[in-house]
Amino acid sequence: MRPITIHGEPVLHRRAAEVTQIDDEIRALVADMFETQDAAHGVGLAAPQVGVGLRIFTWTFEDSGDAPARGHVINPVLTRIGKTSQEDPHPDEESEGCLSVPGYSFPLKRSDHVRLTGLDVDGNDIDFEGTGWFARVLQHEYDHLDGYLYINRLNGKWTRRWKKSLRREGWTVPGHTWLPGVDPDPFGHDETDEHHHDHHEHESH
């Protein structure tokens with residue numbers, strides 16, 4: 001399990017470097033990323049989010065079409081096949097969140113059709129297309145490798161709201177992290193677990 005970096009950490013805001021050699025260190029990093037992503041209830045995680053400036057991301061997403069529902073990619077290239085609409089995003093149906101901007105979500109338009117190529121830890125080629133929400137996940141994670149968070153892409157109204165939140169949180173300097181499974185879940189996933197736990201305790205008395 002690795003701590004997740006929060007907005008303001010320099011590694012999140014610069015382009016990640018290509019992986020030059022897939023070795024045991026890289027394989028261990030990918031395994032740690034899956035463990036961290038799972039504990040954080042995330043659908044994806046990029047290496048900069050665990051403080052490593054390399055071009056790697058992982059994902060777990062059931063509705064992935066022909067692509068693996070659980071996968072990883074090294075040195076990816078993402079191509080947008082579908083154009084991104086210039087209309088205002090729907091505040092409920094198109095809201096994104098990010099483990100590095102914990103507890104917040106904002107609406108954003110994305111392309112609904114992309115192609116992803118790259119390598120896996122065994123050196124095999126990856127090449128598939130993603131559509132719908134899965135395409136959004138892939139774009140979100142790929143952005144991390146170029147130093148962009150989704151909040152950097154918001155339109156004017158939502159950018160203003162985000163900047164207010166940013167000032168309130170103080171996430172403009174390095175050093176902020178959270179540890180999944182230890183710190184409270186910022187998106188409230190563990191509240192339902194606690195509720196069930198309390199319920200069972202109550203039943204047993």
Side-chain angles (χ1 to χ4, degrees), residues 1-62 64 67-76 78 96-106 116 118-124 126 134 136-152 165-166 169-194:
M1 194 83 64
R2 301 198 186 200
I4 292 178
T5 54
I6 291 175
H7 185 285
E9 195 65 42
V11 71
L12 289 171
H13 304 289
R14 61 173 176 248
R15 187 182 186 277
E18 273 75 13
V19 174
T20 53
Q21 184 179 0
I22 300 173
D23 53 19
D24 286 346
E25 197 173 334
I26 295 297
R27 283 185 277 274
L29 170 62
V30 170
D32 288 355
M33 285 171 65
F34 273 122
E35 192 171 329
T36 305
Q37 178 201 292
D38 289 348
H41 305 281
V43 293
L45 190 70
Q49 294 184 275
V50 290
V52 179
L54 290 175
R55 301 187 76 77
I56 303 171
F57 68 77
T58 58
W59 71 86
T60 303
F61 191 80
E62 289 305 317
S64 59
R70 185 172 172 88
H72 68 278
V73 63
I74 296 169
N75 296 341
L78 183 135
E96 279 185 37
C98 179
L99 297 174
S100 292
V101 186
Y104 288 91
S105 60
F106 295 98
L116 185 78
L119 295 171
D120 68 13
V121 288
D122 299 316
N124 299 317
I126 288 168
F134 185 50
R136 180 183 290 269
V137 171
L138 297 175
Q139 289 166 88
H140 180 114
E141 299 312 328
Y142 187 78
D143 268 355
H144 275 300
L145 307 185
D146 287 337
Y148 294 108
L149 280 68
Y150 82 105
I151 42 87
N152 301 131
S165 305
L166 176 62
E169 297 286 357
W171 291 336
T172 52
V173 292
H176 297 285
T177 63
W178 69 280
L179 188 60
V182 175
D183 293 322
D185 188 286
F187 292 97
H189 291 109
D190 52 8
E191 286 171 19
T192 50
D193 295 345
E194 285 171 14

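- Ile22 CD1 to Leu29 CG: the interatomic distance, rounded to the nearest 0.5 Å, is 11.5 Å.
- Of the possible polar contacts, none joining the Trp171 side chain to the Ser165 backbone as a donor-acceptor pair under 3.5 Å is found.
- Counting only distance, with no hydrogens or angles, the side chain of Thr5 and the backbone of Pro48 share a donor-acceptor pair below 3.5 Å.
- The aromatic rings of Phe134 and Phe61 sit parallel to each other, their planes meeting at less than 30°, with 60° as the upper class boundary.
- With values rounded to the nearest 0.5 angstrom, Leu179 atom CG is found 8.0 Å from Ile4 atom CD1.
- Asp122 places no side-chain N or O within 3.5 Å of a backbone atom of Asn124 that could act as its donor or acceptor partner.
- In this structure, the side chain of Trp178 engages the main chain of Leu99 through a donor-acceptor pair within 3.5 Å.
- A donor-acceptor pair under 3.5 Å is formed between the side chain of Glu9 and the backbone N or O of Gly175.
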Any chance you could lay out the side-chain contact (heavy atoms from CB on, under 4.5 Å) test for Glu96 and Ile151, step after step, and finish with the verdict?
CA-CA 9 Å; Glu96 279 185 37; Ile151 42 87; over 6 Å; no

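- Without hydrogens or angle criteria, Asn75 side chain to Val19 main chain gives a donor-acceptor distance under 3.5 Å.
- By the 4.0 Å N-to-carboxylate-O rule, Arg55 lies close enough to Asp146 to be salt-bridged with it.
- Side-chain atoms of Asp38 never come within 3.5 Å of backbone atoms of Glu35 as a donor-acceptor pair (strictly under, hydrogens ignored).
- The two residues Pro102 and Ile6 make their nearest non-hydrogen contact at CG-CD1, 3.8 Å.
- Considering all non-hydrogen atoms of both residues, Ala67 and Ser64 come closest at O-OG, 2.8 Å.
- Separation of atoms CG (Leu78) and CD (Gln139) is listed at 6.0 Å; rounding is to 0.5 Å.
- In this structure, Arg27 CZ and Asp120 CG are separated by 10.5 Å, a value rounded to the nearest 0.5 Å.
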Before you tell me yes or no, could you show the steps for Val73 and Phe57 under side-chain contact (heavy atoms from CB on, under 4.5 Å), namely the whole-Å CA-CA distance, both residues' side-chain angles and the distance that decides it to 0.1 Å?
CA-CA 6 Å; Val73 63; Phe57 68 77; 3.6 Å; yes

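- Between the Tyr150 side chain and the Cys98 main chain, no donor and acceptor come within less than 3.5 Å of each other.
- Around the CZ atom of Phe34, the shell of radius 6.0 Å holds more than 12 heavy atoms that belong to other residues, nucleotides or ligands.
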For Val50 and Asp32, run side-chain contact (heavy atoms from CB on, under 4.5 Å): C-alpha distance rounded to whole Å, both residues' side-chain angles, the deciding distance at 0.1 Å, then the answer.
CA-CA 9 Å; Val50 290; Asp32 288 355; over 6 Å; no

Could you give me the CA-CA distance, side-chain angles and deciding distance for Gln49 and Gln37, then say whether side-chain contact (heavy atoms from CB on, under 4.5 Å) is met?
CA-CA 10 Å; Gln49 294 184 275; Gln37 178 201 292; over 6 Å; no

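- In this structure, Arg2 and Thr36 approach most closely via the heavy-atom pair N-OG1, 3.0 Å.
- Ring planes of His140 and His144: perpendicular class, angle over 60° (limits at 30 and 60°).
- Considering CD1 of Ile74 and CG of Leu119, their distance stands at 6.5 Å, rounded to 0.5 Å.
- With rounding to the nearest 0.5 Å, the separation of NE2 in His176 from CD in Glu169 is 9.0 Å.
- When all heavy atoms are compared, the tightest approach of Asn152 to Gly147 is OD1-O, 4.2 Å.
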